[in-house]
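To find a chain, count down the sequence lines: A is the first, B the second, and so on, and within it residues start at 1. Everything numeric in this text was worked out from a predicted model, so none of it was measured.
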2 protein chains.
Amino acid sequence: MTSTVQFEHFDALCKEAGITPTHQRLVIWQTLTEMHDHPSPEDVYRRVKSELPTVSLATVYKNIHLFVDTGLFREVSMFHGTLRIETNSEPHHHLVCRKCKAILDLDADDLSGFPLPQHLPEGFVAEQLSIDVLGLCATCRQGKP
Amino acid sequence: MTSTVQFEHFDALCKEAGITPTHQRLVIWQTLTEMHDHPSPEDVYRRVKSELPTVSLATVYKNIHLFVDTGLFREVSMFHGTLRIETNSEPHHHLVCRKCKAILDLDADDLSGFPLPQHLPEGFVAEQLSIDVLGLCATCRQGKP
DNA sequence: TTCAACGACGATAATAATTATCGTTCGAGA
DNA sequence: TCTCGAACGATAATTATTATCGTCGTTGAA
Ligand SMILES: [Mn+2]
Ligand SMILES: [Mn+2]
Ligand SMILES: [Zn+2]
Ligand SMILES: [Zn+2]
């Protein structure tokens, strides 16, 4: 259930983000904060629908994007919309623009000496580190006065 | 053009990976090694088709997956097939299984004290680091005798 | 209070990306 | 040369995402 304090918190977040706090948005935000994993839009839709049976999948998509764009939530492992293949065999990492999703190679030395972590849970075998530096590329930085 | 030495190299790679070296695979592999960015399957298809007009998009997909599965190439920013939303607001990183794509949270302290890189090209403004530790989860490690 | 304006919503069509199916072809080995 | 299974190409099917558009609800001037 939605408490008054939660609603006020969401209201403040929306004001800060410059978006209007609607009922649907509150429920979607609420649902996301109650999950503690990495749901897909479809996952979120299912949950929201159980609370708000008339909600549309499109609304869930629209608002997830809105939340991500305004910084209320993030996405896991930068989603490019399609599989992208690495053709640079040199060890390196990436610079990824959070707006246009441009991918630039980043020399490994600029992020060197990073050891594989030691205390891995549940029998996971680490093989490789994938480091993305997220931010804004020069072009996307322009178009925001 | 494909030189003999390249063909032999590819042949050796296939033997090592346990896959049969076909003509289509050679051309796809060749095309990938000649690109130096992060193409989508569609991008690769377009190029391959110009060399091998009868090739099918399905074949390109099948072989890209084969190459990735056998380690000849990697994918950029682990592709989960759909957008995934981060609902854990604590700063942390991820353990990602390269086979089943399971995502596990990894405490930030296990990968702590990593500074944002300094020498960024082309006016890129870094905001945040996204670190994925890639490997095999316990379950996927079993199913491989 | 009334009522235009506008943003957000829901339904649904359209598009994009990926995968599955299936009949045919190719090539290594008997 | 012949056989058999793997790989291929054509294409249908599925999945994921986005666009369109008519409607609804709220706001804020008159
Ligand atoms: Mn790269
Ligand atoms: Mn997480
Ligand atoms: Zn950009
Ligand atoms: Zn796994």
Side-chain angles (χ1 to χ4, degrees), chain A residues 7 10-11 13-15 17-31 38-70 72-73 75-85 99-101, chain B residues 7 10-11 13-15 17-31 38-70 72-73 75-85 99-101:
Chain A
F7 177 76
F10 178 67
D11 225 46
L13 285 178
C14 284
K15 188 159 296 176
I19 65 181
T20 38
T22 69
H23 182 52
Q24 286 86 341
R25 279 176 191 166
L26 173 61
V27 176
I28 295 169
W29 175 82
Q30 173 87 14
T31 301
H38 310 95
S40 68
E42 199 73 38
D43 294 335
V44 177
Y45 174 58
R46 266 192 297 276
R47 285 232 186 183
V48 170
K49 196 168 48 171
S50 81
E51 174 115 353
L52 203 69
T54 65
V55 81
S56 159
L57 175 60
T59 296
V60 172
Y61 266 98
K62 282 185 273 204
N63 286 307
I64 285 175
H65 284 140
L66 189 66
F67 289 167
V68 169
D69 289 346
T70 57
L72 269 60
F73 288 90
E75 52 188 284
V76 182
S77 306
M78 190 55 76
F79 180 70
H80 294 101
T82 174
L83 170 66
R84 305 292 289 271
I85 303 121
K99 194 167 176 192
C100 71
K101 310 267 171 119
Chain B
F7 177 76
F10 178 67
D11 225 46
L13 284 178
C14 285
K15 188 159 296 175
I19 64 181
T20 39
T22 69
H23 181 51
Q24 287 87 340
R25 280 176 190 167
L26 172 62
V27 176
I28 294 169
W29 175 82
Q30 172 87 14
T31 301
H38 310 96
S40 68
E42 200 73 38
D43 293 336
V44 177
Y45 174 59
R46 267 193 297 277
R47 286 232 185 183
V48 170
K49 196 168 46 170
S50 80
E51 173 115 356
L52 203 68
T54 64
V55 80
S56 160
L57 176 60
T59 296
V60 171
Y61 266 98
K62 282 183 274 202
N63 286 307
I64 284 175
H65 285 139
L66 188 66
F67 289 167
V68 169
D69 289 346
T70 56
L72 269 60
F73 289 90
E75 52 188 284
V76 181
S77 305
M78 190 56 77
F79 181 70
H80 294 101
T82 175
L83 170 67
R84 304 291 290 271
I85 303 121
K99 192 167 177 191
C100 71
K101 309 266 171 119

Pick out the pairs of N or O atoms, protein on one side and nucleotides 28-30 of chain C on the other, that lie under 3.5 Å.
none

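Annotation: of the two residues near DNA chain C, B:His65 and A:Leu66, the 5′-most nearest-nucleotide partner is A:Leu66. Between B:Ile19 and A:Ser40, the residue anchored nearer the 5' end of DNA chain D, judged by the nucleotide with its closest heavy atom, is B:Ile19. Between B:Gly81 and B:Asn63, the residue whose closest nucleotide on DNA chain D is further toward the 5' end is B:Asn63.
Contact check, A:Thr22 against C:dC9: a side-chain N or O comes under 4.0 Å of OP1 or OP2.
Just one residue in the list A:Thr59, A:Val60, A:Thr31 forms a side-chain contact (heavy atoms from CB on, under 4.5 Å) with A:Tyr45, and that residue is A:Val60.
Side-chain contact check for B:Leu26 versus B:Pro21: every heavy-atom pair is 4.5 Å or farther apart. A:Val55 has its side chain out of reach of A:Val27: every pair of non-hydrogen atoms, C-beta onward, lies at least 4.5 Å apart. Contact of the B:Leu83 side chain with the A:Tyr61 side chain is not registered, since no non-hydrogen atoms from C-beta on lie closer than 4.5 Å. B:Met78 places none of its side-chain heavy atoms less than 4.5 Å from the side chain of A:Val76. Counting heavy atoms from C-beta outward, A:Gln24 and A:Leu52 have side chains that approach closer than 4.5 Å.
Within residues 53-61 of chain B, the residues having any heavy atom under 4.0 Å from DNA chain D are, by residue number, B:Thr54, B:Val55, B:Ser56, B:Ala58, B:Thr59.
For B:Phe79 and A:Phe79, the gap between ring centers is short of 6.0 Å.
In this structure, A:Leu52 places its CG atom 7 Å from P of C:dG10, rounding to the nearest Å. One interatomic measurement links the two molecules: NZ of A:Lys49 to P of C:dG10, which rounds to 12 Å at whole-angstrom precision. Counting to the nearest Å, the P atom of C:dA16 and the CG atom of A:Leu83 are 18 Å from each other. Rounded to whole Å, the distance from NE2 on B:His23 to C1' on C:dT25 is 14 Å. One interatomic measurement links the two molecules: CD of A:Gln24 to P of C:dG10, which rounds to 4 Å at whole-angstrom precision.
Under 4.0 Å is where a charged nitrogen must lie from a carboxylate oxygen, and between B:Arg84 and A:Glu42 no such pair does.
Using a 30° and 60° split on the angle between ring planes, A:Phe67 and A:Phe73 fall in the tilted class, from 30° to 60°.
Of all nucleotides in DNA chain D, those with any atom nearer than 4.0 Å to a heavy atom of chain A start and finish, going 5' to 3', at D:dA16 to D:dA19.
Across all strands shown, B:Tyr45 has no heavy atoms under 4.0 Å from either base or sugar-phosphate atoms.
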Apply side chain to side chain donor-acceptor pair (under 3.5 Å) to B:Thr20 and B:Arg25, showing your working. CA-CA 9 Å; B:Thr20 39; B:Arg25 280 176 190 167; 3.3 Å; yes
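Without hydrogens or angle criteria, A:Asp43 side chain to A:Ser40 main chain gives a donor-acceptor distance under 3.5 Å.
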